[in-house]
2 protein chains.
Amino acid sequence: MKSQNAPALQELAQDFREALRHSVYLVRRLDADGELSTAQLSTLKMLLDDGVRVGEIAKNLGVRVPSATEQIIKLERAGLARREADPDDSRAVRVVLTPEGRDAIESANRRRNAVMAGILESLTDDDRRALAAALPVIEKINSTIQN
Amino acid sequence: MKSQNAPALQELAQDFREALRHSVYLVRRLDADGELSTAQLSTLKMLLDDGVRVGEIAKNLGVRVPSATEQIIKLERAGLARREADPDDSRAVRVVLTPEGRDAIESANRRRNAVMAGILESLTDDDRRALAAALPVIEKINSTIQN
DNA sequence: CGCTTGATATTAGGTTACCTAACTATTAGG
DNA sequence: CCTAATAGTTAGGTAACCTAATATCAAGCG
């Protein structure tokens, strides 16, 4: 079994990487609607559990702390997030969503989900089932970024 | 059935977009090994069918022509690709891989596939099966970028 | 208590990869 | 033949990442 799995693993790795690499461009296109950039939406979504520290945002996104800071400053200037002092640790900063930020997530998602739904609509039921079954797996793989 | 599918479609679109957005960061990490950037590997791979025009590369990647030109110039300077005059249309340019370019694809893929295979190894057989089943679907979705 | 070590975040400066607009060269159609 | 469309490049700008350096604060230890 091992000797049968080993080559399949390599091939799966190759094909999956290829698919993800292509998806990078798809995401860019989907997000190029002038609402929120991919990076800003990703950063905003981190704030849905209230009061997140900058370092955590960076870790969860898989970027360095200065990159997270930069995004947060942009979100703050746009009125979508706010930085507050951490009561427990005055080195730290707690980033919170503003109501406008919450709305912005909603709005960007609505529009982009509609576009994606339009694409998914052209698939077969089997295709959609296969996709749905793989999503938890993909998220499991994505979560390895945090280490 | 339609009325049952409609909400599921929205939810699937949302979840899939979320997964892909996260994957953007995973791909960035995987490709941050100093070999070839994501953009350069993607551009190089376009050249595997020999003699591709700049406009086609751009279209297939989902970027504008000047962005493709920029990548091609970098690849050319690195000795990985070459631009040749199109015999049929002297406005056009045919981009071809050099042997070094072919090697570079090989080498970048080998290393990164190994990392990805390591991640996939920690999954269950069912997970890998689900992932494999979804890959053609994802590529089908990705291919909508060209329009 | 005071000092050093480590952690948290920001600032500064640089790179990559995209974009639009403007330009050059060539083809094709009326 | 001349105008309109097409292919590509150049110029200039922006977004999002990075590393290195800095300022602040926390925590442990002599």
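Predicted, not measured: the structure shown is a model, and the values here were computed from it. Sequence lines set the chain letters: A, B, ... in the order given, protein chains first and strands last, and positions in each chain run from 1.
- Contact check, A:Arg91 against D:dT22: no side-chain N or O comes under 4.0 Å of OP1 or OP2.
- Both A:Asp89 and A:Gln71 sit near DNA chain D, but only A:Gln71 has its closest nucleotide nearer the 5' end.
- Residues B:Val24 and B:Leu20 form no side-chain contact, since every pair of their non-hydrogen atoms from C-beta on lies 4.5 Å or further apart.
- Look at CG on A:Leu44: it is 15 Å from C1' on D:dA16, rounded to the nearest Å.
- Salt bridge status for B:Arg111 with B:Glu35: present, with a side-chain N to carboxylate O gap under 4.0 Å.
- Between C:dT10 and A:Arg83, a contact under 4.0 Å exists linking OP1 or OP2 to a side-chain N or O.
- Under 4.0 Å is where a charged nitrogen must lie from a carboxylate oxygen, and between B:Glu56 and B:Arg53 no such pair does.
- Atom pair A:Asp31:CG and D:dA15:P shows a separation of 15 Å (rounding to whole Å applied).
- Partner assigned to C:dG30 is D:dC1, using Watson-Crick or G-U wobble distances below 3.5 angstrom.
- The shortest distance between the side-chain N/O atoms of A:Arg29 and the OP1/OP2 oxygens of C:dC19 is below 4.0 Å.
- Residue B:Ser90 has a polar side-chain atom (N or O) positioned under 4.0 Å from OP1 or OP2 of C:dT27.
- For B:Val63, the listed nucleotide lying nearest its side chain is C:dC18; candidates were C:dA17, C:dC18, D:dA20.
- The distance from the CE atom of B:Met46 to the CG atom of B:Leu75 is 12.5 Å, given to the nearest 0.5 Å.
- One atom, CG of B:Asp86, and another, C1' of D:dT6, lie 13 Å apart when rounded to the nearest Å.
- Nucleotide C:dT10 holds its P atom 15 Å from the NZ atom of A:Lys74, rounded to whole Å.
- Here the OG-CG distance, from A:Ser67 to A:Leu61, works out to 9.5 Å after rounding to the nearest 0.5 Å.
- In this structure, the side chains of B:Met116 and B:Leu30 come closer than 4.5 Å at one or more pairs of heavy atoms.
- Taking side-chain N and O atoms only, A:Ser37 has no distance below 4.0 Å to OP1 or OP2 of D:dA15.
- Nearer the 5' end of DNA chain C, as judged by each residue's closest nucleotide, is the contact made by A:Ile72, out of A:Ile72 and B:Thr43.
- In the set D:dA15, C:dA17, D:dT9, D:dT9 carries the atom at the smallest distance from any side-chain atom of B:Val65.
- A straight line from CD of B:Glu70 to P of D:dA15 spans 16 Å, rounded to a whole angstrom.
- Counting non-hydrogen atoms of neighbouring residues, nucleotides and ligands closer than 6.0 angstrom, the CD atom of A:Glu106 reaches no more than 12 such neighbours.
- Side-chain atoms of A:Arg82 and A:Thr98 include no donor-acceptor pair closer than 3.5 Å.
- Out of D:dC17, C:dA9, D:dA7, the shortest distance to the side chain of B:Arg53 is found at D:dA7.
- Within a heavy-atom distance below 4.0 Å of DNA chain D, no residue of residues 16-25 of chain A is found.
- Rounding to whole angstrom units, CD1 of residue A:Ile73 and C1' of C:dT11 are separated by 9 Å.
- Contact between the side-chain N/O atoms of B:Arg28 and the OP1/OP2 oxygens of D:dC17 is found at a separation under 4.0 Å.
- Atom pair B:Arg64:CZ and C:dA22:P shows a separation of 16 Å (rounding to whole Å applied).
- For B:Ala92, the listed nucleotide lying nearest its side chain is D:dA7; candidates were D:dC18, D:dA16, D:dA7.
- As a whole-Å value, the separation of A:Arg77 CZ from D:dT14 P is 14 Å.
- Look at B:Thr69 and you won't find any side-chain N or O under 4.0 angstrom from OP1 or OP2 of D:dG8.
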